[in-house]
Structure formats: structure tokens, C-alpha cells
Peer 1: 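What follows is a structure written as C-alpha cells; I'll ask about it next.
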Amino acid sequence: AVLGCSTEIVEPMTFGQKRFWFLHHYIDNPTTFNIAYSFKLNGTIRTGELARAVETVADRHEALRTRFFWSNDDTKTPMQGIMSKSLVHLEAIQIDSEAQALEELDAMREQKWDLGDWKQLRLRLLSLSDTVHYLLMGTHHISMDGFSMNVLMLDINRVYNGSGIPLVPLAAGSQARDFGQQQLLAYEAGKFQPAIMYYRQALKSIDLSRPVELLSFARSQIRHPLESYNSTVTRVRLDSQTTARLKSLARSHRSTSFHAYLAALQALLFRLLPTETTEKLIIGIADANRIDGKFMGSIGNFLNVLPVLFDRNSGGCTFGQAIEDTRNNVYATLEHSGLPFDLLLDELAVPRSNAYPPVCQIFMDYKLFTREQAEMPWAGCKVSEHKWHPARGAYDIALEIVEDRESALLAIHTQEALYSKEATDLLMRSYVNVLKEVVKQGGEKTKVEKLEKWDMTDVKTALELGKGMSTSK
């Protein structure tokens with residue numbers, strides 16, 4: 001019925017959509033770029049009203065009613081088709097246990113999306129009882145980014161709690177396709193030239209045809225073509241005391257926790273990588289890419305990757321100085337954040353390889369979960385137990401940080417073809433060790449080149465193994 005009374009607008013894909021469109025066709029596993037997210041709800045839900053809220057919000061955002069396809073001509077241009085009405089609806093089912101909710105989340109992650117269909121989002125309400133529920137959300141990264149998930153949940157909540165009062169319409173020209181058109185017009189008008197020149201100058205000393213060295217505990221020092229983006233993941237909850245001290249340390253250097261976490265990552269990597277081959281390091285950071293305020297309430301794939309360049313600083317700076325240097329590097333990069341990553345690759349003629357991602361083989365994604373977000377009820381219920389499966393990527397190492405009011409959840413994703421689970425665990429222990437070391441009394445004055453790169457338990461284990469070997473001789 002919806003299809004019969006709907007119209008469709010057809011336009012070329014945005015830069016961000018094209019990135020995932022081409023990657024989707026290159027990688028064999030169609031679930032690689034899936035995103036799945038869930039949280040627990042305690043309270044009574046008016047299911048009918050929640051279902052209507054979901055449909056209202058799906059109609060509000062074009063990205064939730066968009067399909068993707070090749071143009072039907074000789075150019076084979078990547079195109080998007082936006083339907084005037086959405087097919088998204090709430091799926092409500094009963095479950096028998098909490099374990100089933102986890103199984104359903106994993107199943108959502110393995111959903112095989114038909115990108116040629118207009119339905120690119122699933123929302124499922126799993127009810128364990130009248131007062132215990134789980135909300136599951138699944139999509140493909142071509143349709144939405146992480147920031148969009150927050151927008152989606154906020155919009156649904158507003159409609160549900162609005163007693164029939166409609167949401168204020170999105171401002172004209174603030175849909176995802178408008179963002180794509182704005183980027184294209186800016187490029188054609190030469191507005192990205194300052195950003196292109198900035199990166200051309202910043203990266204001129206880097207041989208972009210050579211990826212970063214693999215760490216000594218990689219499976220092999222030889223890279224092979226990546227046929228899949230399977231990852232190995234290690235997660236650790238950083239204790240509240242270390243998290244609070246790191247915030248305080250960052251503030252004392254007029255910086256944020258994000259800058260401190262990033263400074264620790266680059267410092268550790270320089271300690272682990274050989275000096276003779278790694279004088280500079282590029283780490284990609286995730287950017288929500290809503291520079292223009294009219295897109296702050298929009299849903300779509302706006303995500304951009306910003307390459308941040310670091311120098312080894314062999315002169316011997318302290319960790320406190322490293323935080324400030326990191327802050328300055330990030331701010332300089334953010335001044336040019338409007339340049340789409342894919343345009344950067346084309347303009348700098350960056351070599352492509354099927355063995356590693358271009359420019360950035362290391363990546364960091366930081367999310368701040370505020371007190372207001374943590375305490376805000378959703379659909380009249382208390383929210384807890386957030387769980388998610390992010391899209392898989394080609395990065396050697398991706399550090400994901402979700403910081404809340406009490407602590408921080410750290411997740412290190414490594415490329416399975418390059419690093420084992422034991423290696424990923426080792427890297428996580430080393431990273432946490434650096435964080436704990438720099439927040440000690442006087443830790444900020446530690447020279448970066450003197451930071452301990454191994455956790456003491458790993459040092460003791462290695463020493464014990466060494467003793468055993470010498471004894472056996």
C-alpha cells in the first residue's frame with residue numbers, strides 16, 4: 001500500500017554513501033558494515049504509541065526511506081532513490097530470557113541488507129515481561145552513522161512523549177541528500193582548496209604508499225590482501241579513579257579527555273614501533289561532520305575520517321606536553337574537517353591497496369555519554385545495559401572509547417588477519433598501563449620516550465619464561 005501511493009526522488013549518492021557502496025561490493029561478507037545496537041528498558045511501554053512514533057520519525061528523515069543502486073546507463077553512476085513514505089515499522093515480540101535478547105542482537109548484526117530496498121532500518125521491541133524490555137536497532141552504515149542513532153532515539157522519544165504534538169519539521173535543505181549536494185557545490189566552487197592544500201603540505205613528508213609498520217607481536221610482518229574485515233576485540237572498563245584523574249589531567253592542560261586518550265595512544269604506538277622506520281604516525285579520528293548547524297538534527301551517513309599527523313618528538317617531551325600537542329594537532333585538523341575523506345584521497349592521488357586502508361591504518365573513535373543522556377528516560381522507562389556491534393573496518397587497530405560520568409569503556413579492534421586475540425589483549429593491557437602511569441602523582445612529567453610500554457604482569461611473565469628457558473639449557 002505504501003509503495004502504491006509513494007513517489008521517489010532519484011539523485012547521485014553523497015561522497016560518504018559512495019564510500020560504503022564501493023566497499024560493500026568489494027568485500028565478500030555483506031554484513032561487514034552492519035551496525036547493531038540495543039539497550040534495556042525498565043517500565044511500562046505503550047506499544048501502539050511507540051509504533052506510531054517510530055513511523056512518524058521514519059517519515060521525517062529521508063535517510064530512513066532511501067535505496068541505493070547503479071544508474072541504468074553506460075555511466076553506472078552510484079544513485080540513491082528517496083521514497084516519499086517510509087516502510088520502517090516497530091517489530092514487537094515476546095522473549096523468554098535475557099540470553100535471547102543477546103542472541104537477537106547478534107542476529108541483527110548478521111542481517112543481510114538489500115541495499116536496493118527502501119527499508120534500511122529495523123527496530124525491534126523485545127518484551128521479557130510487562131515492565132522489562134529490550135530495544136534493538138539495526139542498519140547498514142551506508143544509511144546511518146553513530147551520531148544519527150542518537151538523533152533517531154531522541155526523535156522517537158519526543159514523539160512518544162509529545163501527546164500528539166508533532167515535531168517541528170526539519171529545516172529546508174537539512175536532509176542527508178542536501179548535505180551531499182552542499183558538499184558537491186562546495187567542491188565545484190573551490191571551497192575545499194584550502195583544506196586540500198593543508199593536507200598536501202602536512203602529509204608531504206609521508207610516503208603514503210607505505211603503511212604503518214606492524215607491531216612486533218603481529219601474526220606476521222608481511223601484509224596480505226584482505227579478503228574480509230573480520231576483527232578481534234578486547235574490551236575493558238577503565239576504573240572510575242583513573243578516568244577521573246585523566247579528565248583532571250586533561251583539564252590542567254586546557255584539553256579534553258579525548259585529547260588525553262589520543263595522546264596516550266600515539267605515545268604507546270611510538271614506543272612499540274621501531275624508531276628507524278617510524279618518525280611520523282597518522283591516526284584517523286571519527287568526525288560527526290555536522291559543521292553546519294542545520295544538520296545537527298538530521299539522520300544519514302555524515303561520518304568523516306580526519307587524518308591527524310604525529311611526530312615522534314625525539315627531543316623528549318613530557319606526556320603533559322604531548323596532550324597539548326595532540327590538542328593542537330586535532331584543532332588544526334578540525335579547521336579542515338569539511339573535506340570529504342574520499343576527495344582527499346583523490347586530490348592527493350593516494351595509492352590504493354587491497355592489503356591496508358589508505359592514509360590511516362590506525363583509527364580512534366571517542367564518544368562522550370553525558371549525565372543527561374545517562375539519566376534521561378526513554379519511552380517512560382529507565383535505560384540501562386547499552387550494547388552495540390559497530391561496523392567492521394579495514395584498520396589494523398581501531399580504538400573505541402565510550403566515556404560516561406563514572407568510567408570509560410575501552411574497546412580495541414584489531415584486524416584478525418594481523419593480530420591474534422592474545423596480541424589484542426596484550427595491546428589493551430599496555431594501553432591501560434600507560435593511562436594508569438600518566439595519572440600517577442607527577443606522571444604528566446614523564447618523558448614520552450620513557451613511558452613503560454608493557455604492563456608489569458606481562459614483564460613478569462616474560463621474565464619467568466626466560467628463566468625457564470635458561471634453566472632448561
Side-chain angles (χ1 to χ4, degrees), residues 12-20 22-23 78 179-213 223 258-259 262-263 265-266 269-270 273 275-292 301-315 317 322 324-365 393-398:
M13 290 186 202
T14 66
F15 289 110
Q17 289 169 342
K18 283 192 289 187
R19 180 191 319 154
F20 284 101
F22 288 121
L23 287 171
F179 176 77
Q181 291 172 351
Q182 186 170 299
Q183 283 186 316
L184 185 58
L185 289 172
Y187 176 60
E188 292 173 344
K191 293 182 178 179
F192 288 141
Q193 279 305 309
I196 293 168
M197 293 306 298
Y198 166 79
Y199 279 113
R200 202 183 300 280
Q201 179 68 24
L203 302 180
K204 69 178 183 179
S205 61
I206 302 288
D207 182 359
L208 296 177
S209 67
R210 290 183 62 249
V212 68
E213 296 282 331
R223 292 178 181 269
F258 164 66
H259 299 131
L262 182 56
L265 177 62
Q266 62 90 24
L269 290 172
F270 274 128
L273 290 164
T275 306
E276 58 272 15
T277 59
T278 315
E279 280 299 321
K280 297 178 182 293
L281 180 67
I282 301 173
I283 299 178
I285 60 173
D287 179 52
N289 208 13
R290 267 81 169 179
I291 305 170
D292 190 331
N301 178 15
F302 293 76
L303 179 72
N304 202 15
V305 176
L306 308 181
V308 183
L309 179 64
F310 294 92
D311 292 303
R312 183 175 281 275
N313 288 320
S314 55
C317 75
E324 295 180 16
D325 290 345
T326 297
R327 178 201 63 206
N328 295 339
N329 287 350
V330 169
Y331 284 167
T333 303
L334 286 172
E335 287 183 13
H336 305 285
S337 62
L339 177 65
F341 184 67
D342 303 86
L343 264 182
L344 167 67
L345 300 182
D346 292 341
E347 289 292 327
L348 270 58
V350 176
R352 311 295 177 93
S353 171
N354 58 5
Y356 55 87
V359 182
C360 317
Q361 292 83 52
I362 313 293
F363 182 74
M364 178 171 159
D365 185 9
Y395 302 107
D396 293 5
I397 299 167

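Side-chain atoms are counted along with the backbone in the values below, which use heavy atoms only and exclude waters and symmetry mates.
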Peer 1: From Leu303 CG over to Asp287 CG, what is the distance, rounded to the nearest 0.5 angstrom?
Peer 2: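 One finds 7.5 Å between CG of Leu303 and CG of Asp287.
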
Peer 1: Go through it in stages, so that I can follow the logic: the residues are Phe192 and Leu344, the test is side chain to side chain contact (heavy atoms under 4.5 Å, CB included), and I'd like the CA-CA distance, side-chain angles, deciding distance and then a yes or no.
Peer 2: CA-CA 10 Å; Phe192 288 141; Leu344 167 67; over 6 Å; no

Peer 1: So Asn301 and Thr14, do their side chains get closer than 4.5 Å, heavy atoms only?
Peer 2: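 SC-SC contact between Thr14 and Asn301 ruled out.
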
Peer 1: Which value, rounded to the nearest 0.5 Å, describes the distance between Asp311 atom CG and Asp325 atom CG?
Peer 2: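 Going from CG on Asp311 over to CG on Asp325, the span is 9.0 Å.
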
Peer 1: Nearest heavy-atom pair of Pro211 and Gln361: which atoms, and what distance?
Peer 2: CA-OE1, 3.4 Å

Peer 1: To the nearest 0.5 Å, what is the distance between OG (Ser337) and CG (Asn304)?
Peer 2: 7.0 Å

Peer 1: Using a 6.0 Å cut-off, check whether atom OH of Tyr198 has over 12 heavy atoms from anything other than its own residue.
Peer 2: yes

Peer 1: What I'd like to find out is whether the side chain of Gln183 reaches to under 4.5 Å of the side chain of Asn289, using heavy atoms alone.
Peer 2: yes

Peer 1: Has Arg210 got more than 12 heavy atoms of other residues, nucleotides or ligands less than 6.0 Å from its CZ?
Peer 2: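 Result for CZ/Arg210: open.
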
Peer 1: Please evaluate residues Asp396 and Phe363 with respect to the criterion side chain to side chain contact (heavy atoms under 4.5 Å, CB included), reporting the C-alpha separation (whole Å), side-chain torsions for both, the decisive distance (0.1 Å), and the verdict.
Peer 2: CA-CA 8 Å; Asp396 293 5; Phe363 182 74; over 6 Å; no

Peer 1: Do the side chains of Tyr187 and Glu347 get nearer than 4.5 Å, heavy atoms only?
Peer 2: yes

Peer 1: Rounded at 0.5 Å granularity, tell me how far CD in Glu279 sits from CD1 in Ile206.
Peer 2: 10.0 Å

Peer 1: Can you see which heavy atom on Gly284 is nearest to which on Val305, and at what distance?
Peer 2: CA-CG1, 4.3 Å

Peer 1: With a 4.5 Å cut-off on side-chain heavy atoms, are Arg312 and Leu273 touching?
Peer 2: yes

Peer 1: What pair of heavy atoms forms the shortest contact from Ser205 to Lys280, and how long is it?
Peer 2: OG-CE, 3.2 Å

Peer 1: Measure the shortest side-chain to side-chain distance between Val212 and Leu269 over non-hydrogen atoms and say whether it is less than 4.5 angstrom.
Peer 2: no

Peer 1: Which atom names give the shortest non-hydrogen contact between Pro358 and Pro351, and what distance separates them?
Peer 2: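 Closest approach of Pro358 to Pro351, heavy atoms only: CB-O, 4.3 Å.
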
Peer 1: How far does CG of Leu306 sit from CE of Met364, to the nearest 0.5 angstrom?
Peer 2: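 Answer for the CG-CE pair, Leu306 versus Met364, is 12.5 Å.
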
Peer 1: Would you mind reporting whether Thr326 and Phe310 have side-chain heavy atoms less than 4.5 Å apart?
Peer 2: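 Yes - at least one pair of side-chain heavy atoms lies under 4.5 Å apart.
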
Peer 1: Kindly indicate, with the supporting measurements, whether the criterion side chain to side chain contact (heavy atoms under 4.5 Å, CB included) is fulfilled by Phe15 and Leu184.
Peer 2: CA-CA 8 Å; Phe15 289 110; Leu184 185 58; 4.3 Å; yes

Peer 1: Could you grab the distance from atom CG of Asp342 to atom CZ of Phe22, nearest 0.5 Å is fine?
Peer 2: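 With rounding to 0.5 Å, CG (Asp342) is 9.5 Å from CZ (Phe22).
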
Peer 1: Testing the basics here: between Pro307 and Val359, what is the closest heavy-atom pair and its distance to 0.1 Å?
Peer 2: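 What the structure gives for the nearest pair is CB-CG1, 3.9 Å.
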
Peer 1: Would Ile196 and Leu339 count as a side chain to side chain contact (heavy atoms under 4.5 Å, CB included) if you check the C-alpha gap in whole Å, the side-chain angles of each, and the deciding distance to 0.1 Å?
Peer 2: CA-CA 8 Å; Ile196 293 168; Leu339 177 65; 4.0 Å; yes

Peer 1: Quick one: are Val330 and Arg327 in side-chain contact, heavy atoms under 4.5 Å?
Peer 2: no

Peer 1: State, to 0.1 Å, how close Lys191 and Pro194 come at their nearest heavy-atom pair, and which atoms those are.
Peer 2: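 The pair with the smallest heavy-atom distance is O-CD, 3.5 Å.
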
